[in-house]
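Given the structure is predicted, the values throughout are model-derived calculations rather than measurements. Proteins come first, then strands; the chains are lettered A, B, ... in the order of their sequence lines, and each starts at number 1. Just so you know, these numbers use all the heavy atoms, side chains as well, and skip hydrogens, waters and symmetry mates.
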Protein chains: 2
Amino acid sequence: MKESGDGVVDATGDDAEVDVRRQLIDAATVEFARNGFAGASTRAIAIRAGAHQPQINYHFSSKEALWRAVVDDLFSQLGSFLEPEGTFDDPVDEFRQWVLGLVLFSAERPELSRLIMHEAASYNDRMNWLVDTFARPFVDRRDRVWAELKARGLTADIDDLLAESTLLGATTIPFALMPHVERIHGPVDFDRAMLERHAEGLVRAFLPGLDG
Amino acid sequence: MKESGDGVVDATGDDAEVDVRRQLIDAATVEFARNGFAGASTRAIAIRAGAHQPQINYHFSSKEALWRAVVDDLFSQLGSFLEPEGTFDDPVDEFRQWVLGLVLFSAERPELSRLIMHEAASYNDRMNWLVDTFARPFVDRRDRVWAELKARGLTADIDDLLAESTLLGATTIPFALMPHVERIHGPVDFDRAMLERHAEGLVRAFLPGLDG
DNA sequence: AGAAATGGTTATCAATTGAACAAATTGATG
DNA sequence: CATCAATTTGTTCAATTGATAACCATTTCT
């Protein structure tokens, strides 16, 4: 338990003991996503985690480091929603799986989009770290698939530089802004089938060439 | 100059005197959009405006009130980019003008989208006020047009409840997240013609029936 | 001229912030 | 039992926060 280096589970098998580090990350995920980095206080995070505020500086070196641990955790979860590179022969299949994965992930874990939205509105170190460490590989792959689809004449006629963020906005924003949506339309709930249908609709919208 | 009620310009014609209230709103727009409500300090806003911090509480009653004045100002600017209701006979024309207007506005003034993104990630009073006071009429009109287009079989097959926010995300997010985009692709600059072409691409993507 | 009003300036307030420190506790090992 | 490292807990600190009050300068009206 003390050594978290190798992922060996506590030999006692008694996981009634909570992992404070884990609890802190989960609580921080909620607070950072809701209020942004500046708006989230370490005390609020600690209370939500059922811990004491100084434990944040013990288990993580600083509030910044806790924020990075949260982003790390969220991107790792996102990875499990997306098929690894090289899985598909057909770029259309790859595109379809990417859109579906992003829609399903955003619906289940809107925190990552919200966290990015808080940071990506300005030029700052946290945003740069996030982009360089995690976002760039995702974006590069996306752009490569988009270029291949465009070469085949399948893509919507939108600006290449904006294609990536346009797709990102279309797939994730509805879920990231769900409080806004629900304020207008009332409580909303989606089952898997609806999300799959919605994702397929997005694919057809951005790849009109499929119907041609 | 003291009475800003009727838009009469200072009779002296000397407008080297700056309108502090105006300067504060402009400075607050930048700070709130970059750092969110909690992350923006009244001192930073005052410094950017070339004013003193207590002047914020003099010209506005509170930081909240200043934030609301900023939103009010931004929505008023948005209004000038959108054609008034009843201008169009054809819902396709109305949709096209709405998409174009939103794209042009977001490219020129990404602050409104950023400000909304900061607030709409959580249920809070500022977001509720923003939705009830400004967003609802825009959304209602958008939904009405979308329903009309759908009845004519022109729309992409995406979920009705998500259509509004999906459109919003696709049209505004690329510009709201421009720091993120530029971190990846390097400096980006768009001229009016490129934006018009991009907007038309979005229209065709979301109204595939137009090509049928 | 004198009073009133408007707005700018300085100083200060209580509250909250992230972080640091030391004492207390825990659990395992010799 | 004694020892030691790993955590937890309680307290404290300097910095920053939004807001307020007191004071000063200028203009406006009587």
Inset, instruction - Send over the distance from Trp67(B) CH2 to dG18(D) C1', rounded to a whole Å. - result: 17 Å
Inset, instruction - Decide if the gap between the ring center of Phe134(B) and the ring center of Trp129(B) is smaller than 6.0 angstrom. - result: yes
Legend entry - Phosphate OP1/OP2 of dT8(D) contacted by His52(A) side-chain N/O (<4.0 Å): no
Inset, instruction - Would you mind telling me which of dA6(D), dT6(C), dG18(C) lies closest to the side-chain atoms of Gln53(A)? - result: dG18(C)
Legend entry - Side-chain heavy-atom pair Phe105(B), Thr172(B) within 4.5 angstrom cut-off: no
Legend entry - Between dT16(D) (P) and Ile45(B) (CD1): distance, integer Å: 17 Å
Legend entry - Lys/Arg N to Asp/Glu carboxylate O, Glu164(A) vs Arg141(A), below 4.0 Å: no
Inset, instruction - Would you indicate, yes or no, if dG8(C) has its OP1 or OP2 atom less than 4.0 angstrom from a side-chain nitrogen or oxygen of His59(B)? - result: yes
Inset, instruction - Look at the side-chain N and O atoms of Gln55(A) and state whether any lies under 4.0 Å from the OP1 or OP2 oxygen of dT9(D). - result: yes
Inset, instruction - Measure from CG on Asn57(A) to P on dG10(D) and round the result to the nearest Å. - result: 17 Å
Inset, instruction - Using atom CD of Gln23(B) as one end and atom P of dG7(C) as the other, report the distance to the nearest whole Å. - result: 16 Å
Legend entry - Interatomic distance where CG belongs to Leu24(B) and C1' belongs to dG7(C) [whole Å]: 12 Å
Legend entry - Side chain of Pro54(B) (C-beta onward), nearest among dA21(D), dG18(C), dG8(C): dA21(D)
Legend entry - Phe32(B) CZ - dT17(D) C1' separation (whole Å): 13 Å
Inset, instruction - Grab the CD1-P distance between Ile56(A) and dA19(C) for me, whole Å please. - result: 9 Å
Legend entry - Presence of salt bridge, Asp26(A) and Arg48(A), under 4.0 angstrom: no
Legend entry - Test item: side-chain donor near acceptor, His198(A) and Asp157(B), under 3.5 Å: no
Inset, instruction - Calculate the interatomic distance between Arg43(A) atom CZ and dT16(D) atom P; express it in whole Å. - result: 16 Å
Inset, instruction - Please determine, for the side chain of Lys63(A), which listed nucleotide (dA19(D), dG10(D), dG18(C)) has the closest atom? - result: dG18(C)
Inset, instruction - Report which part of the nucleic acid Ala38(B) touches: base, sugar-phosphate, or nothing (heavy-atom distance under 4.0 Å, all strands). - result: nothing
Legend entry - Residue Tyr58(A), side-chain heavy atoms: nucleotide from dT17(D), dT8(D), dA20(C) that is nearest: dT8(D)
